[in-house]
Amino acid sequence: MRRALPYGAAAIVAVILPLALSNQPYWLDMLSLLGFWAALAGSWNLLAGYTGQISLGHAAFSGIGAYSVAIVVTRETANAVTGMVLGVLIAAVIAAIVGVLTLRLRGAYFAIATIAFAQVAAIAALHWKAMTN
């Protein structure tokens with residue numbers, strides 16, 4: 001119970017702070033970036049810290065999530081929350097597929113496979129004009 005108290009307090013602050021900063025776009029943007037980079041750091045810690053694998057494809061997964069949100073919100077006229085949920089789901093499904101294919105690799109081979117996926121995703125985003133505009 002004592003260990004859960006700081007997490008509960010952080011969750012309450014995470015819910016209340018954006019509401020308090022709703023009329024201050026600069027601080028709201030900084031708070032959003034803080035949450036994004038914290039999530040990215042947590043995922044890096046999970047993969048590199050606990051398994052020892054070096055992934056160079058994190059940018060691809062965050063880009064896939066961001067593109068998914070933008071496409072869902074602009075083309076399907078969905079609200080931002082629905083877009084974020086779908087963006088997370090789409091990025092997670094693609095990450096699971098890539099993970100099934102690459103997590104058996106070790107060392108430099110895993111790093112090369114993940115950077116190759118990131119490059120394929122970047123090229124697809126650049127040249128797939130019908131999807132990404």
Given the rule in the side-chain contact (heavy atoms from CB on, under 4.5 Å) test, do L86 and V69 qualify, once you have shown the distances and angles that lead to the verdict? CA-CA 7 Å; L86 286 175; V69 171; over 6 Å; no
Are Y26 and L34 connected, step by step, through hydrophobic side chains (Ile, Leu, Val, Met, Phe, Trp, Tyr) whose heavy atoms are closer than 4.5 Å? yes
Ignoring hydrogens, what is the shortest heavy-atom contact between A118 and G57? Give both atom names and the distance. CB-CA, 4.0 Å
Evaluate whether atom CH2 of W44 has more than 12 neighbouring non-hydrogen atoms of other residues, nucleotides or ligands under 6.0 angstrom away. yes
If we count only N and O atoms by modelled type, under 3.5 Å, do the side chains of T82 and N79 hold a donor and an acceptor together? yes
Residue pair L28 / P18, side-chain heavy-atom distance below 4.5 Å: yes
Show which residues join Y50 in its hydrophobic cluster (side-chain heavy-atom contacts under 4.5 Å, direct or indirect), or state none. L46
Side chains of residues 59-66: which donor-acceptor pairs under 3.5 Å do they make with residues two or more places apart or in other chains?
unit_1	atom_1	unit_2	atom_2	d
S62	OG	H58	O	3.4
S62	OG	A59	O	3.1

Can you name the nearest heavy-atom pair linking P25 to N23, along with the distance? CD-O, 3.5 Å
Is there a continuous path of hydrophobic side-chain contacts, each under 4.5 Å between heavy atoms, that joins I54 to I115? yes
Output for pair (T114 OG1, Q119 CD), nearest 0.5 Å, gives 11.0 Å
With hydrophobic residues grouped by side-chain heavy-atom distances under 4.5 Å, do W37 and L47 end up in a single group? no
Which donor-acceptor pairs under 3.5 Å do side chains of residues 87-107 form with protein atoms, sequence neighbours excluded?
unit_1	atom_1	unit_2	atom_2	d
T102	OG1	V98	O	2.8
R106	NH1	L103	O	3.2

Is the count of non-hydrogen atoms from other residues, nucleotides or ligands lying under 6.0 Å from F36 atom CZ greater than 12? yes
According to a hydrophobic-cluster definition based on side-chain heavy atoms being under 4.5 Å apart (Ile, Leu, Val, Met, Phe, Trp, Tyr only), do W27 and L31 belong together? yes
Are V120 and L126 connected in the hydrophobic side-chain network, where two residues link if heavy atoms are under 4.5 Å apart? no
